[in-house]
Amino acid sequence: MLLNAEKVGRSFGETRALEDVSFQLDNGQMLAVVGPDGAGKTTLMLMLTAILDPTAGRCTVFGFDSVKQSAEITDRIGYMSQNFSLYDRLTVEENLAFSAGVRGIKGAEYQARRAQLLEMAGLSAFADRYAGKLSGGMRKKLSLCTNLIHQPELLVLDEPGLGVDPLSRRELWQILAEFQRQGTAMVIATSYMDEAENCGHVLMLDQGKIVAEGSPIDLKKQCADKVFELSSAQPGSLYSTLSSDPAVNYLQWLPTRLRFQVDALERLAAATQEQCRLQGELTAVEPTLEDVFVHFTGADQGNQMVPSPAPARLLEIGKPVISTHGLTARFGGFTAVDTVSLNLHAGEIIALVGPNGAGKTTLIRLLCGLLAPAAGELEVAAVDVRRKPQAIRSYVGYMSQSFSLYSDLSAAENMAFFAGAYRLGGKKKAASITAVSRMTGIDGIDQHQRAGSLSGAIRQRLALACAILHEPKVLFLDEPTSGVDPLSRYHFWQLIQLLASRGVAVLVTTHYLSEAAYCDRIGLMDRGRLLACGTLQTLCQEARLAEGTSLEDVFIHYVSRAAAEREQAT
């Protein structure tokens, strides 16, 4: 047995981070560890790598005790933390050579492994580039290479796909699959359920305890006949009915349907069943691993649906809010956004998908008036942004990748600061803070707690609350759910759908392609160009791909086609 955890636990003072966790791992096996924020995933990773000692139970790796023989373990494993360790002022080659030297890998042995890893990771052409100049996806692949240079028998990865675009994430997993075939065992903590699907065994943690474990297939069987979809032209009209029914365990609000979980349909209230029959088409669907996650980790959180009183309309649905033509941004000789033409309407949600460095964030900064375009036309709420960039500030809300919060300020202080920035004062300020706090569900937290000490999911909601205090007509969300677990992601998207139902136009960037299902249209970007924008069906039709092709495959098709066109042009 390569790894054996026997009722391991870890306490920090009176806080129990892990309790009675037991599992085993053998050569060539791949284990996914999933759970909500604060479930204990990273604590478990640190104990498996002999960095952190358990305060209860026992863990052995390669037969060595993690407390008494930690040096024997650390010499034979590879560990990539969330804040992966690279030296930004060293090149790709120098980072790899340094890691090899620490591990005693030299001479011809190093050269052979170096060539294999760089080729596999697609980094051969970038050996002389400084690590600090690499894209997020390339940095993750380099970090993985530095942990594979000594060919470890066990690889421990904490959120390897976090912040990585779909193409780089696929390449990352191809590398992992190759090393698994060679016999490397892996423990992978992840918030992406599609990554957990790649693993033979899944361990679900919640509040430091194992709540479910098994293969993805066996886990999904436990939710069979419990997941349903209600197709409707206006799913928002049925949202209140289902969200208020206590039998509904969770609810996803998608553009053309509602997806929910219930132990049995007959447990729905008679009035709910009647409304479903009258206003939509109800079908049972195959559960996903996300459904399983929510089933086992959301039980103690209740329904937690977003309250949906009849909200006031901010704009007429379908009215143009953003219009661009040939929008271009340059930094010196580099073109970050290249002649982008895009329209966004009130009540519409558009997802921007693209590799790291595609220009998505730069495009948002242009649309917010934070950057001046080098060329092209841009209107927001009928205001010419090039002429009056300051005039649109009251129309837009912006939630950046870093959640735009001040970590040393409390939740209440952050809200007060942003209210002041939006020139809200007196009773209007107090009323806005109360309204958005209730809407986003942060009214129940300690308002005096520092933002930096809040969980990722709560900070996400707080950032959204700060961005919508002034009731913007258009909302920009830049990677809003990065690293957030599925249940928190569901709750967050309920908020977004509720805002869209009020007429707010939403533009969101994401690396998690399943989120595009929440959006009315999908824009594919690469190297500053908007390659296409439409529904998944229209994107498939334009590319002559079969209906039902996954968005990941559609995305890769468009990016590959654009690369081939560039190569042909040169």
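Numbering starts at 1 and runs along the sequence shown.
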message = Keeping Ser11 on the side-chain end and Glu14 on the backbone end, is there a donor-acceptor pair under 3.5 Å?
response = no
Any donor-acceptor N/O pair, Thr42 side chain to Gly40 backbone, under 3.5 Å = no
key: Chi angles and distances behind the side-chain contact (heavy atoms from CB on, under 4.5 Å) call for Met525, Leu363   = CA-CA 10 Å; Met525 287 193 71; Leu363 177 58; 3.9 Å; yes
key: Leu475 vs Leu464 side-chain heavy atoms within contact, under 4.5 Å   = yes
task = Find out whether Leu352 and Phe476 are in side-chain contact, i.e. whether some heavy atom of one side chain is under 4.5 Å from a heavy atom of the other.
result = no
inquiry  = Please determine whether the number of non-hydrogen atoms from other residues, nucleotides or ligands lying under 6.0 Å from atom CZ of Arg103 exceeds 12.
reply    = yes
query = Using 30° and 60° as the class limits, which term best fits the ring planes of Phe418 and Tyr406: parallel, tilted or perpendicular?
reply = tilted
inquiry  = Checking Tyr79 now: which residues fulfil ring-ring contact (aromatic ring centres under 6.0 Å, His included) with it, not counting sequence neighbours?
reply    = none
Check: Leu25 main-chain N/O paired with Gln29 side-chain donor or acceptor under 3.5 Å = no
request  = Examine distances only and state if a side-chain atom of Thr335 and a backbone atom of Asp338 form a donor-acceptor pair shorter than 3.5 Å.
outcome  = no
query = Does the salt bridge (Lys or Arg N to Asp or Glu O under 4.0 Å) test come out yes or no for Lys140 and Asp165, once each step is laid out?
reply = CA-CA 11 Å; Lys140 276 287 176 80; Asp165 68 78; over 6 Å; no
Donor-acceptor under 3.5 Å (Glu6 side chain, Gly57 main chain) = no
request  = Please examine the side chains of Leu48 and Val61, heavy atoms only from C-beta on, and report whether any two atoms are closer than 4.5 Å.
outcome  = no
task = Looking only at non-hydrogen atoms, find the nearest pair between Gln460 and Pro480 and report the distance.
result = NE2-O, 3.1 Å
ask   = Going by heavy atoms in the side chains, are Leu342 and Cys533 under 4.5 Å from each other?
value = yes
key: Those residues that, when tested against Glu72, pass side chain to side chain donor-acceptor pair (under 3.5 Å) (two or more places apart)   = none
task = Output, in order, the C-alpha distance, side-chain angles, deciding distance and verdict of salt bridge (Lys or Arg N to Asp or Glu O under 4.0 Å) for Arg169 and Asp194.
result = CA-CA 11 Å; Arg169 201 151 62 94; Asp194 60 337; 3.1 Å; yes
note = Ile350 and Arg521 have their tightest heavy-atom pair at CD1-NH2, 3.2 Å
request  = Begin from the C-alpha positions of Ser453 and Gln449 and carry the test side-chain hydrogen bond (donor to acceptor under 3.5 Å, both in side chains) through to its verdict.
outcome  = CA-CA 7 Å; Ser453 65; Gln449 188 174 350; 3.3 Å; yes
request  = Would you indicate whether Tyr130, at its atom OH, is surrounded by more than 12 heavy atoms from other residues, nucleotides or ligands within a distance under 6.0 Å?
outcome  = no
query = So Met204 and Ile210, side-chain contact (heavy atoms from CB on, under 4.5 Å) or not? Walk me through it.
reply = CA-CA 6 Å; Met204 290 191 175; Ile210 296 176; over 6 Å; no
query = Out of curiosity, Ile364 CD1 to Leu371 CG, how far, rounded to the nearest 0.5 Å?
reply = 11.5 Å
remark   = Separation between NE2 (His511) and OG1 (Thr481), nearest 0.5 Å, reads 11.0 Å
Atom pair CG/CG of Leu344 and Leu367 - distance to nearest 0.5 Å = 8.5 Å
query = Under the 3.5 angstrom rule, does the side chain of Ser341 hit a backbone N or O of Gly326 as a donor-acceptor pair?
reply = yes
ask   = Between the main-chain N or O of Leu327 and the side-chain N or O of Thr324, is there a donor-acceptor pair closer than 3.5 Å?
value = no
request  = Is it possible for you to check whether Arg10 lies under 6.0 Å from the centre of the six-membered ring of Phe12, through NZ or CZ, and within 45° of that ring's axis?
outcome  = yes
task = Mind checking side-chain contact (heavy atoms from CB on, under 4.5 Å) for Thr60 and listing every partner two or more places apart, or none if nothing turns up?
result = Asn4, Arg58
note = Rounding to 0.5 Å, atoms CG (Leu18) and NZ (Lys7) come to a distance of 15.0 Å
ask   = Quick one: are Cys466 and Leu405 in side-chain contact, heavy atoms under 4.5 Å?
value = yes
task = In sequence, state the C-alpha distance, the side-chain angles, and the governing distance for Gln82 and Leu157, and then conclude on side-chain contact (heavy atoms from CB on, under 4.5 Å).
result = CA-CA 8 Å; Gln82 288 187 38; Leu157 307 172; over 6 Å; no
remark   = Residues pairing under ring-ring contact (aromatic ring centres under 6.0 Å, His included) where one sits in residues 157-213, two or more places apart or in two chains, turn out to be Tyr192-Tyr512
query = If you measure from CD on Glu565 to OG on Ser560, what distance do you get to the nearest 0.5 Å?
reply = 11.0 Å
note = Rounding to 0.5 Å, atoms CE (Met45) and CE (Met47) come to a distance of 9.5 Å
Which atom of Asp206 lies closest to which atom of Thr297, heavy atoms considered = OD2-O, 3.4 Å
inquiry  = I'd like to know whether CG of Asp26 has more than 12 heavy-atom contacts from other residues, nucleotides or ligands below 6.0 angstrom.
reply    = yes
message = Going by side chain to side chain donor-acceptor pair (under 3.5 Å), name the residues that satisfy it together with Tyr398, two or more places apart in sequence or in a different chain.
response = none
Atom CZ of Arg527 with >12 non-hydrogen neighbours under 6.0 angstrom = no
request  = List the atom of Cys199, the atom of Ile188, and the distance in Å for their closest heavy-atom pair.
outcome  = SG-CD1, 4.4 Å
inquiry  = So which atom in Asn147 and which in Pro152 form the shortest heavy-atom distance, rounded to 0.1 Å?
reply    = O-CG, 3.4 Å
note = Applied to residues 510-519, the salt bridge (charged side-chain N to carboxylate O under 4.0 Å, His left out) test, sequence neighbours excluded, yields Arg489-Glu515
key: Evaluation steps, salt bridge (Lys or Arg N to Asp or Glu O under 4.0 Å), between Asp478 and Lys360   = CA-CA 8 Å; Asp478 198 1; Lys360 304 183 297 295; over 6 Å; no
request  = Taking Ser99 for its side chain and Asn95 for its backbone only, find out whether a donor-acceptor pair lies under 3.5 Å.
outcome  = yes
task = Taking the six-membered ring of Phe492 (Phe, Tyr or Trp), confirm whether the NZ or CZ of Arg461 is under 6.0 Å from its centre and within 45° of its axis.
result = no
query = Heavy-atom distance under 4.5 Å between the side chains of Tyr87 and Glu94, does that happen here?
reply = no
task = Locate the shortest heavy-atom distance separating Phe23 from Leu3; write the atom from each residue and the value.
result = CE1-CD2, 3.6 Å
message = Do the side chains of Arg450 and Asp408 get close enough for a salt bridge, i.e. N-O under 4.0 angstrom?
response = yes
ask   = Is a side-chain donor or acceptor of Ser66 paired with a backbone partner of Cys59 at a separation under 3.5 angstrom?
value = yes
query = Do other residues, nucleotides or ligands put more than 12 heavy atoms under 6.0 Å from Gln568 CD?
reply = no
ask   = Is there side-chain contact between Val202 and Ser215, with heavy atoms separated by less than 4.5 Å?
value = no
inquiry  = With side-chain contact (heavy atoms from CB on, under 4.5 Å) as the criterion, how do Ile322 and Leu507 come out once you've worked through the C-alpha distance, each side chain's angles and the decisive distance to 0.1 Å?
reply    = CA-CA 10 Å; Ile322 289 181; Leu507 185 67; 5.6 Å; no
ask   = Considering residues, nucleotides and ligands other than Phe98, do more than 12 of their heavy atoms fall under 6.0 Å from its CZ?
value = no
inquiry  = Is it true that Gln182 and Glu178 share a donor-acceptor pair across their side chains at a distance under 3.5 Å?
reply    = yes
